[in-house]
Peer 1: 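I am attaching a structure below and will ask some questions about it afterwards.
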Amino acid sequence: MMRLDKFLCELNTGSRSQVKAYVRQGMVTINGNPATSSDQKIDELSDEILFRGKRLQYQRFVYYMLNKPAGVVSASRDDTQRTVVSLLGKNAREDLFPVGRLDKDVTGFLLLTNDGELAHRLLSPKRHVDKIYRAVLEHALTPEDIRSLESGLDIGEERPTLPAKVTVLEKEVILLTLREGKFHQVKRMLQAVGNRVTALQRIAFGGLCLDPCLQPGEYRELTGQELDILRKAPAD
Ligand code: URA
């Protein structure tokens with residue numbers, strides 16, 4: 001159950017005050033009867049809510065691809081810093097969270113959802129979901145560095161990193177494909193071969209590429225096809 005005004009706002013029919021006015025003007029019906037008040041409770045999954053005669057369909061789960069800008073923390077809420085969820089605006093659903101984390105200075109693909117089960121599967125260390133990073137380095141990699149990154153490195157964890165894939169794009173720019181997601185993993189792997197990451201962007205996650213139309217800070221819903229790809233991301 002939820003309040004009618006919250007439901008209408010989440011479905012982007014208008015702001016809180018607009019929604020109140022729509023209800024007063026009789027533009028909203030619930031199971032065939034005009035809504036009486038914007039704070040009345042509705043069952044978002046089974047009640048038939050019409051706005052200007054059109055059925056509003058509540059989505060239980062939502063999925064967004066965000067192009068995370070630098071300077072924003074990968075969290076739902078934070079007392080002092082801007083969060084990735086706040087980039088979706090104040091009408092965004094309150095149960096949204098980022099699937100995994102990118103460091104504050106790291107940019108690129110971040111999935112935001114309220115589907116805890118899918119998030120759990122994508123983040124499970126047992127499933128090796130691919131993540132592709134574009135890293136700008138302090139200096140070029142040697143063939144020996146590439147061999148080390150690709151075969152697995154000691155970064156101070158219990159086990160060495162899983163084999164990764166390196167693609168050299170320019171002298172100091174690489175793509176690094178990882179199948180795991182340890183804390184600061186890209187930076188620590190490059191540090192382990194005596195290098196330093198000066199800029200880092202995630203360009204793909206779980207078989208999906210960052211949409212090049214999304215400017216930093218912009219987001220869009222995943223398509224059904226993209227969601228199918230994510231759902232098929234490697235099993236245990
Ligand atoms: N590796 C890092 O070092 N930082 C990130 O945010 C993601 C991967």
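Atoms within each ligand, like the ligands themselves, are counted from 1 in listed order.
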Peer 1: Report yes or no: does a heavy atom of F183 sit under 4.0 Å from some atom of ligand 1?
Peer 2: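 For ligand 1, residue contact (heavy atoms, under 4.0 Å) with F183 is absent.
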Peer 1: Do the side-chain N and O atoms of S148 and D145 include a donor-acceptor pair separated by under 3.5 angstrom?
Peer 2: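 No pair is found: no donor N or O on one side chain lies under 3.5 Å from an acceptor on the other.
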Peer 1: Which residue and atom name correspond to the protein heavy atom nearest atom 5 (C) of ligand 1, and how close is it?
Peer 2: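 The closest one turns out to be D103 OD2, 3.6 Å.
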Peer 1: Pull out every atom of ligand 1 sitting under 4.0 Å from any heavy atom of Y133, numbered as shown with elements.
Peer 2: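 Counting from 1, the qualifying ligand atoms are 7 (C), 8 (C).
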Peer 1: Measure across S37 and V23 and return the closest heavy-atom pair with its distance rounded to 0.1 Å.
Peer 2: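 The answer is C-CG1, 3.8 Å.
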Peer 1: Give me the ring orientation class for Y219 and Y64: parallel if the planes are under 30° apart, tilted from 30 to 60°, perpendicular past 60°.
Peer 2: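 Geometry flag for Y64 against Y219: perpendicular rings.
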Peer 1: Does the distance from a Lys or Arg side-chain N to an Asp or Glu carboxylate O, for K68 and D105, drop under 4.0 Å?
Peer 2: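 Result for this pair is no, no salt bridge flagged.
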Peer 1: What part of V106, side chain from CB on, backbone N/CA/C/O, both or neither, has a heavy atom under 4.0 Å from ligand 1?
Peer 2: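 Answer for V106: side chain.
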Peer 1: Is R188 in polar range of ligand 1, meaning some N or O pair under 3.5 Å apart?
Peer 2: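 No, no N or O pair falls under 3.5 Å.
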Peer 1: Hey, does H184 come in under 3.5 Å of ligand 1, counting only N/O atoms on both sides?
Peer 2: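 Among all N and O atoms of H184, at least one is under 3.5 Å from an N or O of ligand 1.
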Peer 1: When V129 is tested against each of L230, L122, L123 for side chain to side chain contact (heavy atoms under 4.5 Å, CB included), which residue passes?
Peer 2: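 One option only clears the test, and that one is L122.
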Peer 1: To which protein heavy atom is atom 1 (N) of ligand 1 closest, and what is the distance rounded to 0.1 Å?
Peer 2: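 The answer is V186 N, 3.0 Å.
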Peer 1: Could you please spell out the steps behind the salt bridge (Lys or Arg N to Asp or Glu O under 4.0 Å) verdict for K182 and E180?
Peer 2: CA-CA 6 Å; K182 302 215 156 60; E180 56 190 337; 2.9 Å; yes
Peer 1: Side chain, backbone, both or neither: which part of L200 comes within less than 4.0 Å of ligand 1 when only heavy atoms are counted?
Peer 2: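 It is the side chain that touches ligand 1; the backbone stays farther off.
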